[in-house]
Amino acid sequence: MRLDVVTIFPEYLEPLNVSLVGKARARGQLNVHVHDLREWTYDRHNTVDDTPYGGGPGMVMKTDPWGDALDSVLADGYDTGSHGPALVVPTPSGRPFTQELAVELSERPWLVFAPARYEGIDRRVVDEYATRMPVYEVSIGDYVLAGGEAAVLVVTEAVARLLPGVLGNAESHRDDSFAPGAMANLLEGPVYTKPPEWRGRDIPDVLLSGHHGRIARWRRDEALKRTAANRPDLIERCDSAAFDKKDREMLSILGWQPAPDGRFWRRPEAVEE
Ligand code: ADE
């Protein structure tokens, strides 16, 4: 997969040399190019922004540097044999970035990231490139960052670990908390490793039992407990067919009950502090 990032802070993308993404690059599984947007400015001050039409606070990133940068990056990619680019624009106004979207992006051969600073990029840039390629405007959460670079790191890491051969163990993402098509999207429960006792704290006995069935059940119950506590919306969203008899027992202990529409809901008084 080829990745291009156009940014006014190329050094912000240094973490792409580290850890999983860094190794995938070193192995040739990821071909990453970081570009300085200011290379496509032509005035003394390397201006990339200007005041917004219609007034208002902040500055807007200008059309020309972005247009010239993206044209040049796309031309370079095509020249070196890449195809099927998609433009990824991180913005708090984008669609939520989910595991499902990470899977979709991981199936594309070439992603071009356009992280903005200030109040965003002049809309005409996205409109222009949307006539030539898929454009994904994505938000990594309901909060506002100072710019899209941190979101590029987030998206890149989520996508890179899905590429064939990057994690080494294809099964490791089948069980991811948000893997698409999972029976029920539950959060993963707690995990433990050696030593068996630490500061007077033991490992749950069942994990030492060697009994695979009981361990799987325990893990599932812990996942239900954690999901009920931290993401009740995930349980509300599940079709009740996703829950077996033992799941229902645990959900009932946690204060959940099936509604006539097949979903589960929790009595308000059952919500623990
Ligand atoms: N840029 C600023 N805030 C952002 C967010 N939450 N997601 C993606 N890009 C952003």
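In each ligand, atom 1 is the first atom listed, and ligand 1 is the first ligand listed.
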Going by atom types alone, do Asp68 and Tyr42 pair a side-chain donor with an acceptor below 3.5 Å?
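Yes, a side-chain donor-acceptor pair sits under 3.5 Å.
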Would you confirm whether Tyr143, through its side chain, and Ile140, through its main-chain N or O, come within 3.5 Å as a donor-acceptor pair?
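Flag set: sc Tyr143 to bb Ile140 pair under 3.5 Å.
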When you measure from the side chain of Ser139 to the backbone of Gly94, do you find a donor-acceptor pair of N or O atoms at a distance under 3.5 Å?
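Such a contact is absent between Ser139 side chain and Gly94 backbone.
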Looking at Trp256 versus Phe243, is the centre-to-centre ring distance below 6.0 Å?
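No, the ring of Trp256 stays outside the 6.0 Å limit from the ring of Phe243, centre to centre.
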Write out the protein residues near ligand 1, meaning a non-hydrogen atom under 4.0 Å from one of its atoms, in order of chain and number.
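Residue list for ligand 1: Pro90, Thr91, Pro92, Val138, Ser139, Ile140, Gly141, Tyr143, Val144, Leu145, Gly147, Ala151.
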Members besides Val18 in its Ile/Leu/Val/Met/Phe/Trp/Tyr cluster (side-chain heavy atoms under 4.5 Å):
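Listed partners: none, Val18 stands alone.
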For Arg117, is there an ion pair with Glu149 - N to carboxylate O distance below 4.0 angstrom?
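Yes, this pair counts.
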